[in-house]
Every structure is written in C-alpha cells, then in structure tokens.
> 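My structure is below; once you've seen it, I'll send some questions.
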Amino acid sequence: MSGTISSIQTNLSLVGQLATFFATSTIVLPAIALVSFFMLELLSTNLLNERRIMRYSIATYSLSLLSALLAVVFFSLSPNQFMDMHVVESQMASVFSVSSYHFELGILIDHYSLAYLSLIHLLCLAIASFSSRYLIQEPNASIFWKLLMLFGMSLSLLTLAHTLDLLFVGWEMVGISSALLIAFYKERFEPVKHSLMAFSVYRMCDIGLLLAIVVLHHSTHSGDLLAYMSNSHADHLKHSATLLGLLLLFASMGKSAQYPFLSWLPRAMEGPTPSSAIFYGALSVHAGAYLLIRTSPLWDSSIVVQVVMLMIGLMTTTIGNLSGRTQTDVKSKIAFGVIAQVGLIFIEISLGFYEIAMFHIWGHAVLRTLQLLRAPSTLDDILNVENKLGTVRQQNPWLLQKILTEDQCRVVYRFAVERAWTDYFAFAFTNQIKKLLRSLQWVEHKMANLFDHGPEERVRELPEFKGNLIDFGFIDEASDEFEVTSSNVGQQVAIVVEQIQQKETQKPTMIQNAKSKLQKKIKTKFGNKRAHKISLSPFSWFKHKIETTKGDQQ
Amino acid sequence: MTHFLILQLSVLSLLPIAMAPNRGSALKKVSVSFAIFHFVLAQFLWMSGSDLKSGLSFLDPIFDVNAINIHMIPFLSFLNMLILVGTPARFVEKNMMDQIHLNGFFALLLMTTKSPLLLALIWLIYPLPVVWSLYERYGKKQNFFLSYQLVSGILGAISIYFGHMGIGHANLLMEAFFFIAIIIRIGLFPFHLWIPKLYEKTTFGVALSFLQPQIATIMLFKVVIAGKLPTFLYPLHILAGITCLYAAIVAIRQTSLRKTFGYLSLSYNALGIVGIGMMSQAIHQPLNEYSQMGYVGAILVILSVGLAHTSFGVALWNTEARRGYLSLDQYHGSKTPLLSLVVLILGLTSIGFPGTMAFVAEDLVFHSVLEDQPWIGVMLVVATAINGINVLRLNYKLFAGARREYGEGDLNLREKALFFTICIFLILGGIFPSFMVNQTHSAVMKVQQKHR
C-alpha cells in the first residue's frame, strides 16, 4: 500500500503540482516577509518603518490569499490521486532521519485543508487591512505585524502538514505567537499574566499532541496522515485508537478552550482587538477542532473517544451559553459565545459530521471576526440603532426565566456567573501546586545550606536604588557591590526605603509597620546581632528624615 | 598531526593567561583573539578528521581522538569563544578571563586524554578555576562547592585510574564510585543543589564555562560507550528522568534569575543523560534502533542545547550587566526590544522549541525513551512543557511590566553580531539539521563498532 502511495506522490499531475506550489506559497510568503522584517531591523536601515511594514504585510497576505485560491482551483481540476479520495500529497524532503525514523517535509491537500487555508488567508488579509487603520501610530505596532506574519505562516503549516510531526511544529508556533500577542501591552501586568496563563494551558495540552505523535510512531512507524486516511494502518491502529484519540482530544481542548480549560479565553481578550478577533474569535480557537477533523481516521473507530468528545462539547456549550449571558462587557460576552460555538463544533465532530463542522468553522470564524472588530464601537452602534428606532431597546427575558422558578433561576445564574466554578477549581488546583512548590523550595533551601556556612551572597548593586543604599550606609559610592545582606533582604530594604521616601509625609503608622516588618525579616535572616548592626545606620537615618519632615510640617 | 593539533590547542588555551595584560579593553581583545584563533584551529582539526595519523608518536598514549570528540572539540572551543566575546565590558577582569581559559583548557584535556593517570588527575583538578573564583569572593568559606567537588573528584579519580579506564578491570565497587562521582558532578537529583547555587554565587561567565560544556556528561559517554558501567546505567537513567522533571518544576518558583537559569540547565543536562541511558538495553549487543536514536539525540542535546543554553546565559548576563542583580518576584519593564527578543529566541531554542536545532535533539530522545521507558519519556515531555512556561515567565519578568529607568541601552554592535549570528545558526540548524544528524549518527556507529 505504501508503495502505491509513494508512486502516486512522485507522479503528480501538472495541476497537482501547481496546487502544491500555490499551497506551499501560503507558508513561504509570510515566512519570507517575516525574515525580511528581522533582517532589515537587524541592519537598522531606514527602509523599515511602521507604514512600510503595514504595506508589506497587506501585500503579503493579498498574495497568500491569491495563492490559496489558486490552490483551490488547481486542486479541483486535479484528478483523484488515491483510490476514491481526492487528495494531493507532496513529500518535499527528509529533514532528518535516524535508522527507521524519518522527519519529513511535505504537504497534504484535501478539501478540509484548502477550506481552512483559504479561511486563514481571507481573515488575515481582512484583519491586516483593518489594523492598518486601527493600530496606526500605536507604540510597538511593528511587533503586531511581525507576530501576525508568524501566525499566518504557522497556521498554514499546521493546516497543510502531511505528518503529525510537522503539524506539531505549526501547532507550537501558533501557541507562542498567540501568547505573545495577548501580552502586546507589555507595560500592564494583567495582559502579561493572562498571556502566561494562556501559554501554560497551551503547553500543558501540547503534551497530549507530542505523546500522540510518539504513540503513533510506536504503533505504525509512520506519521503520514494520508496513510491513515487510506486506512492502510487500520490493523496497527486497532489497539491504540482510544489512547491516540484521547491524547489528541486533550491537545485540542487546550487550544480550543474546551471545558475545563475555558477560563483562559475571556482573559486572552486583553490583546489588541484585531488580534483577539483573529486568534480567539476566528482561527486559533478553531485549530483544535481542525486537528480533530484532520486526525479523525486515527480515532473514529473508538466509541470511547467519541463519547468523551461529545460530553466535553456538551458541557462546554452549556457553560459557554449560560456564562455568556451573565457577562457585562462585550469582549467577554463574545468570548463565551465563541466557547459555546466551538463546543457545538466538537459535538458535530464527535458525531462524525466533519463537513458540517468545517462549514460551521467557516461561518463562525467570519461572524466572530466581524463581531470582535465591531466590539469597540458597540455602544455607538446601539445608540445609533436606538436613535433610529426612537426608543430604548427592551431586553427579552430568557427562555429559562420563563420555565424555572425564581430560586432555580438564582441557582442557574450563580452557576453561570461563576463560570461553572472553573476558575475556582483552576485556582484551587494552582494553589495546591504552589503549596507543593513552596515546600519543595523550602527543602531545597535547607538542603543547599547544609554544607554552606559561608557568608550570604554578595549582591550586585541595583542602579535605581544606589542612591538610597549609599544614604543607607550599606555601600559607599566607590563600591560596586554591597556585602551586608542576602539578595532578597537587600532588595527589600531598598524597596522599603523607597516606599518610605514616597510616603514620608503620609501616615507615620505605615512607616512604623514597614520598619517593624523589615526588622523582623532581618532578624530571622541574620539573628539579633546582625539585625542590630543593620538597624543602627538605616533607622537612625529614617528617624532623622521623619523628624525633619515633622518639623517642616509644624 | 591530530594529536599535535590538540597539543597546540591546549597550549593556546593557556597562552592568554600568561600573555594578556592585566586590565582594560586590551585584556579582552587579547583573550578574544586567542579564543578565535583557538576556534579556527579546532575547526581545522575537525576538517582534518580523526583518521589522521599522529606525527608525534610520544603523544599517542596521551591523546585519543575519535569520531565523536572530533566534533566536540570545535564545540568546546566555540563555547569558550562565545563566553569571552559575550562578557559584558564592566565585568572584564584578568582573573575571570584566566578562569574561563583554564576551564576551557581542562575541558579540552579531559575530553581528548586517554592516559588513565592524566585523566584521573584532570578529573580531580577540573573544578580548580571555580574554586579560585569563589575564593576571590568568599575567602575560605566556600564549603558548598568544595564539599561536593572533593567527594566527586576523589571517587571519580580512583574509579578512573583503578577501574574503568585504567589499570584494573571494572568491578562493582569501582562502578559505584564512578556512579557517585558522576551524579554529583552532573548534578543529578538529589546531588543537584550546588549547581543553582554556583550560578548565583560566582561570576556568570566562570560558571557557564565550567558547566555548559557538560564535560561530566561527555566523560560518562566515554565510559558508557565502552560498556563499562553496566550495573548503574539504569539507575542513572531513572535519576536523570527525575532530575529533568524535578528541576523544571522547582524552577517555576524561583525568584532569582540565576537560580532559575541554573535549574533550567539542570533539566536539560539531565535530558542528555536520559539519552545516554538508552544504552542500558544494549550493552553487549549492537545498538538497536531506539538506542541509536537515544544516543544520537543525547549527543545532539549536548551540542545544540549546550550552545543555545550558553548563549541564553550570556544574554542574561548582559541583561544583568545593564541592570544589576535581577529578581523575578517583580516585573522589571523594558526599553530594550532587541535584547528582549534575543532572550526570548535563545530561551526558546534552549528548550527545544520546534524549528530550532534543539528540537531535533529532543525529538530523537523522546522517541527513543518513550519506546523503551514510557514513564521516563512522559516525565521528559512534561518537563519540556514546563520549561517552556519557565522561559516565557522569565522573559516577561525581565522585560514586561511598568517601565523602569535603568538607564540601559539596547544591544550594541558587538552583542547584535554575536546574538543574532547564534540565533540564525540555531534556527537554520533546526530547519536543515540533516548534516549534523547524519554526522553524529555515523560517529556513534563508528565509535560503537570500535568498542564492541
């Protein structure tokens, strides 16, 4: 069977080759643009300003969309390649091989991959042209454009990959580009925290995909998706279908924000609106569903996988729908709407309706992109509508409100507003992990100090606090380092000094609290003798400062 | 010819210690020039191949160049050059430069020597440059490092001289001695604590030049491929798996930049050992398919992760040079987009992000280990996932948050040239890895056939 496949691959018809060429261009074009951006930035030339990056990006995505459409045209003209399946596979090169393990570069084109590919480049172009106005003169806008290029390239790779190994490369790159875009506004720590949260969920769920790849190689010694689509490994896969399916489902649950991993998605809306639209409304969030469709030949013989997928889809849809109705801001409402719809797509996939799921992905992605792009203007839109109607719009009560009693409604409302306690469970779990880590750290610290009776480590001076530390008597001006305390205490001292300086005209009790806290810390760390030594110089300085301030105030 | 070149390389490692001026930019220029010349010579040695006959017969009992360490010599030389070029201007001190050169010298000798006496001696004195560095800072109170290194040095020297490499035959006691010596020096759980502490206590450059070439791992490799550690290879395999995961988990809670880096290094050093441990299934028979993958993966981990991790360390050192001691319990803010980008790329390459050179190495190790020891394989996969989070967290802590006035500048020309060259090399190596993989594979097969 594999012999037949390879003979077909080498004898691609001209239209097949053209389809392959244009499909590959959708990966190569953004890659070239991305590399050019970095090279030009590295050379610090004046060729690269925000406006130019913007134009190149739009041009790149226009060409990519054209390539994707041409690939669709040539693919539809190409004859059936393999039995009754209309697919084009092209193995381009072997990246590396050791013994019988090969990592190959190639693409697999079928109606699913082309549908998703054209969707990717259509929406990327739409987002790029929207952002060219929306993000103009935004600080660091060039980062947005570069990440958009990386995203387009990675998602095209994910879509067209002919092996699971290659798909994993695209999968990971989509993850990092989306995490970095959530933290686009780096100055605020909330987006950064949410980005880290999203990336953590991604990474944990990626374990599923990586393990699935290894299990697949173990079972069949191949990662080629076409071989599975043609059922040529059906016998080998009989025993591992359930395990493989569950691992792939786990991987896609993270990327598609399915229960219980749904709490990162509303938080991910911290990024700029265009990135929210393309990542969490349109493309990235559907990557999990696409993975399941793509790999369906691997697991669709397992009823366990289908049932679990159905249950997860049902739970996610229910929670997403209910929670979405209790949200008070537009982006969160849309985020839960997305979660609910992707849950429905999971249900469709579990029931084997892959074509319907693909249509659903298309329609849903386009609708959410529009909704998210209009999200900043929602109030304006509503006011416009109301202005034209001449009345204030009345909200209809929920259907549930009509059916359920008031007490039951309250329970449902609580369930919805708490997002089925997913956050609560996630934080409880994280807290347990943190506790465990704290204990580990404590043990590590004690064990590390068993043999270490030397002085506490010297710490490099902190430039911003240097002035304080000189005043403090910890270092003299000529010194680069100070030796008195450990890193943490030294830094805390400096921070407290800064706080006291800022608040010295405010509440003396706060200063007193800060002082006693610090003294306690130093005592625990160094014992009484050292604490006394330290306290002499700095606190006499505080005292002096406080007295001076009081005198000034009087 | 080959051995003569090694002798030249060794002398060249020591020359800057004698010749470099005491301070100023001239010191760095001389050190870097010697390091570059050293690397060029090492490249010449690599190109000349291991089959060349020695021109000087008296060197034959001392040096041994085989298909594997012929690749390692330019790698070692490059790491040393990288650390010296990357040394921030404000840290350039004569003693520190000397310590880095000495580390390079000992590493080269330990890798290429076959004389048991010399090997045992170098194993014993290999930590001396670090002891010197610590002595400068703390005087005689540096127990944490000395106590570990003395135990490892003495047990290792005894086992090397009387056991595996030397005059006697490998027996259980000597194996046990070597096992203890190696797990201490590699820093496997529970003897790992000195490594993060060393990163924190000594100069970053000295710690990097001592730990990143992973000489202990290469030493282990020498012993294992000769089939001389049969009893303890499996426990080593397990300990490495545990260390890989444990270090990744502990790194999450660290608030010190250097300790976090130390734990990340530990995690990835352990990954290489897991690959070497794959040999346990095939001691007295030809390597099976998965052992080959594990072995090739292990060497690639040493090379690619070693290079990426050292560069990552040097980038962090340069960040520290701009801002002073950095703690990860707060966001530091950034006005240095290029430095931030470099730290991110190097961090991701060092954890084996897809599309980079280390990914290939990790992929091979994962496939081989999951086939043979699934639970250890799962531990490795989880550790890698956690390390990805660690790297992004580290990057955010250093470069995100409200902007602070450190008065720092972005990358200068030297740093740009250095870091971007390495980034490009690591990424291109990930896209076109076949040359490196094929070379390593054939080297493993050659050396394995020689020993069996």
Side-chain angles (χ1 to χ4, degrees), chain A residues 41-42 94-101 103 140 143 165 168-173 176 179-180 183 186-189 192 195-196 199-200 203-204 206-207 210-211 214-215 217-218 434 437-438 440-441 444 447-449 451-455 457-464 480 487-488 490-491, chain B residues 137-138 141-144 147-148 190 193 197 200-201 249-250 252-253 255-256 289 292-293 296 320 323-325 327 331 333-334 337 348 353-355 360 363-364 366-367 370-371 377-378 381-382 385-386 388-389 392-393 396 399-407 416 420 433-434 437-438 441:
Chain A
E41 189 161 320
L42 187 63
S94 174
V95 181
F96 65 90
S97 59
V98 174
S99 307
S100 65
Y101 175 65
F103 191 107
N140 300 329
I143 294 175
D165 308 65
F168 181 73
V169 176
W171 184 265
E172 284 285 298
M173 278 161 36
I176 189 77
L180 290 174
K186 265 179 152 182
E187 292 77 18
R188 291 173 16 223
F189 67 88
V192 173
S195 157
L196 198 59
F199 190 67
S200 306
R203 290 290 290 186
M204 284 298 123
D206 291 350
I207 293 171
L210 197 54
L211 290 179
V214 177
V215 172
H217 276 277
H218 175 71
K434 276 184 184 168
L437 290 177
R438 263 200 297 274
L440 278 180
Q441 205 181 5
E444 286 265 309
M447 279 168 68
N449 287 338
F451 299 110
D452 190 13
H453 307 298
E457 56 265 37
R458 293 194 300 183
V459 179
R460 297 271 168 204
E461 50 95 359
L462 299 156
E464 64 180 316
D480 261 0
S487 54
N488 286 336
Q491 207 164 358
Chain B
R137 290 181 155 227
Y138 305 105
K141 293 177 178 175
Q142 39 165 311
N143 321 22
F144 83 96
S147 39
Y148 281 103
L193 294 158
K197 203 149 190 168
E200 194 161 62
K201 286 204 164 191
I249 292 172
V250 173
I252 290 186
R253 277 292 295 178
T255 50
S256 152
E289 182 190 333
Q292 280 179 38
M293 279 164 63
V296 174
E320 240 187 23
R323 304 180 184 176
Y325 180 86
S327 150
Y331 292 99
S334 165
L348 291 176
F353 196 77
V360 177
D363 195 39
L364 287 172
F366 289 163
H367 273 91
L370 274 159
E371 177 69 24
V378 172
V381 173
V382 176
I386 296 174
I389 301 167
L392 196 69
R393 170 180 168 264
Y396 282 162
F399 299 104
R403 286 186 171 175
R404 290 177 178 229
E405 287 302 329
Y406 287 107
K416 267 187 194 175
F420 280 101
S434 56
V437 174
N438 293 342
H441 190 202

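Just so we're clear, the structure is a prediction, and the values are computed from it rather than from any experiment. Convention: sequence-line order gives letters A, B, ...; per-chain numbering from 1.
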> Sort B:F399 into side chain, backbone, both or neither according to what part of it lies under 4.5 angstrom from a heavy atom of chain A.
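Both backbone and side chain of B:F399 come within 4.5 Å of chain A.
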> B:V437 versus A:V95: any side-chain heavy-atom pair under 4.5 Å?
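Side-chain contact under 4.5 Å: no.
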> Determine whether A:E444 and B:V250 make a side-chain contact, defined as any pair of heavy atoms from C-beta on separated by less than 4.5 Å.
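Yes. Closest side-chain heavy atoms under 4.5 Å.
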> What do the steps show when you test A:L180 against B:Y396 for side chain to side chain contact (heavy atoms under 4.5 Å, CB included), and what is the final call?
CA-CA 10 Å; A:L180 290 174; B:Y396 282 162; 3.8 Å; yes
> Under a 4.5 Å heavy-atom cutoff, which of B:G388, B:P190, B:P337 has the most pairs with chain A?
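The option with the most such pairs is B:G388.
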> Go through the atoms of A:L211 and report whether side chain, backbone, both or neither lie under 4.5 Å from a heavy atom of chain B.
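Just the side chain, heavy atoms under 4.5 Å.
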> Given side chains that start at C-beta, do those of A:I207 and B:V378 come closer than 4.5 Å, heavy atoms only?
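No, their side chains stay 4.5 Å or more apart.
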> Could you tell me whether the side chain of A:F199 reaches within less than 4.5 Å of the side chain of B:R393, counting heavy atoms only?
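No, side chains not in contact.
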> Contact part of B:I252 toward chain A, heavy-atom cut-off under 4.5 Å: side chain, backbone, both or neither?
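It is the side chain, since no backbone atom gets that close.
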> Need one label for A:E172: side chain, backbone, both or neither, based on atoms under 4.5 Å from any heavy atom in chain B.
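Both parts, backbone and side chain.
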> Could you tell me how the ring of B:H367 sits relative to the ring of A:Y101: parallel (under 30°), tilted (30 to 60°) or perpendicular (over 60°)?
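If you compare the ring of B:H367 with that of A:Y101, the planes turn out tilted.
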> Of all residues at least two apart in sequence or in a different chain, which pass the ring pair (Phe, Tyr, Trp, His ring centres under 6.0 Å) check with A:F103?
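A:F103 satisfies ring pair (Phe, Tyr, Trp, His ring centres under 6.0 Å) with A:F96 only.
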> Heavy-atom distance under 4.5 Å to chain A: side chain of B:V382, backbone, both or neither?
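Both parts, backbone and side chain.
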> Quick one: side-chain hydrogen bond (donor to acceptor under 3.5 Å, both in side chains) partners of A:R188, sequence neighbours excluded?
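With sequence neighbours excluded, A:R188 shows a side-chain hydrogen bond (donor to acceptor under 3.5 Å, both in side chains) to A:E270, given in chain and number order.
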> So which residue, B:N438, B:V360, B:V296, B:L348, ends up with the most heavy-atom pairs under 4.5 Å with chain A?
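Going by pairs under 4.5 Å, I would pick B:V360.
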> Could you report the tightest heavy-atom contact between B:A385 and A:R203, atom names first, then the distance?
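Closest pair (atom of B:A385, atom of A:R203, distance): O-NE, 3.3 Å.
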